[in-house]
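On a predicted model such as this, the values are computed, not experimentally measured, just so you know. Side chains included, hydrogens not; waters and symmetry mates left out as well; all remaining heavy atoms used.
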Amino acid sequence: MGGGGGGVAKMPAGQLWLLLLGVLLLAFGVPAQASRNTHYDFVITETKVTRLCHEKTILAVNGQFPGPTIYARKDDVVIVNVYNQGYKNITLHWHGVDQPRNPWSDGPEYITQCPIQPGANFTYKIIFTEEEGTLWWHAHSEFDRATVHGAIVIHPKRGTVYPYPKPHKEMPIILGEWWNADVEQILLESQRTGGDVNISDANTINGQPGDFAPCSKEDTFKMSVEHGKTYLLRVINAGLTNEMFFAVAGHRLTVVGTDGRYLRPFTVDYILISPGQTMNMLLEANCATDGSANSRYYMAARPFFTNTAVNVDDKNTTAIVEYTDAPPSASAGPPDSPDLPAMDDIAAATAYTAQLRSLVTKEHPIDVPMEVDEHMLVTISVNTIPCEPNKTCAGPGNNRLAASLNNVSFMNPTIDILDAYYDSISGVYEPDFPNKPPFFFNFTAPNPPQDLWFTKRGTKVKVVEYGTILEVVFQDTAILGAESHPMHLHGFSFYVVGRGFGNFDKDKDPATYNLVDPPYQNTVSVPTGGWAAMRFRAANPGVWFMHCHFDRHTVWGMDTVFIVKNGKGPDAQMMPRPPNMPKC
């Protein structure tokens, strides 16, 4: 199977036979997806696209926006050959894939690799182990993932089945954002002025703004359904900026998975999904098709945002679910619209997230750590740093905007941390990221004093022994406004054992933890003015990035790195460096 794009090429007889076999398998209801080892070619090029009456050139993979879907089965290995025919450095990341012992193919620039330069190529090896469900891939350099992203679909391995009735059809639904301006220039302007990043011009579903945006109605994404059949929606939030409420008019949604893991099914009118997260849900096409009801229904998404001090793209985005077996008269009027929570509805967001619980069965066991070796309290803040001499910046107080974890604003080095660690190169990073903030205050009280705004830059990492069980409590702060943050850890999934509002109380709050069936995620939404606690076993040797998945917060420094040392056995050792790693 290829990555998509391009014209039709002649194929050898063996490949033609496999293609015919795939068609036969599909005819009998068996998904013809990846074999044990699958190769994709991803060619990154400058591609012209038109949105909102405006044509511009974007970076895209194989000429597609969103990019091609990668199909795999649990335990597969997928090889992706990336050819950078664009105009700038780039890397790709396979979001939510643990990549055991293989940080070399994880992707974040200057963390695990130097970028792929224009005209160069690099081969990524994606090792699937426990993941099953929906993940995604995206650029992990500057703001490139605005257009360089796509779905990863991981089916059960052969001989096993979904823990729910097999759907009639599956559909990736990618929530994203669109800027009329060049996203690279938007980032450069923000870095020049020290101010915030200009908001997007539209939110999108599968690359399209929807019916209510200018020049967009004809290209609105449409999903055809038939009465009585069930469909699996694989929803991905690929946006750079916003958590999103999502719903389908006239239909309830049964949520069955998140971040490539199964959930105990629950049925809702809407979901909340943060940047970086995925949600799998079943949609039953059970609306009347006898002409007594509409046959077209909007699926829609709306931002969830609570920090009134920050501008936000507050526009809804829409796609259409249409019944193909309804009479023409049923589609004469406009589609029905869903009732989405208000943009600042914290209660609705909290009510949804509280329902996330792991599916626990013999086929899908979980292993929640009951004891903890090392505790970390990590404060999350948007901050400022002083403007350069003889210059006025556009951030608060004429300073430069920054962001931090435990008041350390992360700076990318000029060579990647993985190479520096592997080759014992000194001076690239400092191995002393703190386990707690440098000073304590009422983290969530509104309008903290201005002297708390400031942070310091540094390239500090956390070094842990192989097998250490860590509990990390993310604590939001009200510095420059409290808001939720989607915190993502590379190389691991983790159990989200607790959440709450206000300041975390280490003496009282652990009593509220769910240690029975907590969700197993790779991206957790830390509540506005609150905290989230997660646990994981550091049994994946290598260098692993941890960061907020709001991209402006990532580039401002809301990041750190875990270096997990090698263990004793061969399966606890990091793989050797591949010979073709890009050079800085």
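Between T220 and G210 the shortest heavy-atom distance is OG1-C, 3.2 Å. Residues R261 and E130 come closest through the heavy atom pair NH1-CB, 3.2 Å.
Judged by distance alone, the side chains of Y466 and Q573 never bring a donor and an acceptor atom under 3.5 Å apart. Counting only N and O atoms by type, the side chains of S525 and E243 include a donor and acceptor under 3.5 Å apart. For the 3.5 Å distance criterion, the side chains of T258 and Q277 fail to qualify, holding no donor opposite an acceptor. Residues T318 and D211 have side chains that never bring a donor and an acceptor to within less than 3.5 angstrom of each other. For the residue pair S200/E177, the side-chain donor-acceptor check at 3.5 Å is satisfied. With 3.5 Å as the limit, one finds a donor-acceptor pair spanning the side chains of T254 and T267. The closest side-chain donor-acceptor pair between D551 and T554, if any, does not fall under 3.5 angstrom. Residues H155 and E170 bring a donor and an acceptor atom of their side chains to less than 3.5 Å of each other. Between the side chains of D106 and H490, at least one donor N or O lies within less than 3.5 Å of an accepting N or O.
Ring to ring, F304 and F246 are not that close: their centroids are 6.0 angstrom or more apart. Checked against a 6.0 Å centroid threshold, the rings of H553 and H547 do not count as neighbours. Here H138 and H149 keep their ring centres 6.0 angstrom or further from each other. For Y40 and Y71, the ring centers sit 6.0 Å or farther from each other. Checked against a 6.0 Å centroid threshold, the rings of F494 and F492 do not count as neighbours. H549 and H485 have their aromatic ring centers separated by at least 6.0 angstrom. Close placement of the H95 and H488 rings is indicated, their centers lying within 6.0 Å of each other. Ring centroids of Y124 and W104 are separated by 6.0 Å or more, keeping the two rings apart.
Heavy atoms from other residues, nucleotides or ligands lying under 6.0 Å from NZ of K169 number 12 at most. Around CD of E218, the count of heavy atoms belonging to other residues, nucleotides or ligands within 6.0 Å does not exceed 12. Heavy-atom contacts from other residues, nucleotides or ligands closer than 6.0 Å to NZ of K74 number more than 12.
Looking only at side-chain heavy atoms (C-beta outward), N81 and Y83 come within less than 4.5 Å of each other. Here the side chains of Y297 and Y323 are in contact, with some heavy-atom distance below 4.5 Å. Under the 4.5 Å side-chain criterion, counting only non-hydrogen atoms from C-beta, H251 is not in contact with E284.
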**Q.** Test side chain to side chain contact (heavy atoms under 4.5 Å, CB included) applied to Y162 and Y262, step by step
**A.** CA-CA 9 Å; Y162 294 119; Y262 290 115; 3.7 Å; yes
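The NZ atom of K315 lies 3.5 Å from the CG atom of D313; values are rounded to the nearest 0.5 Å.
Ring geometry for F42 against W94 counts as tilted: the plane angle lies between 30° and 60°, on a 0 to 90° scale.
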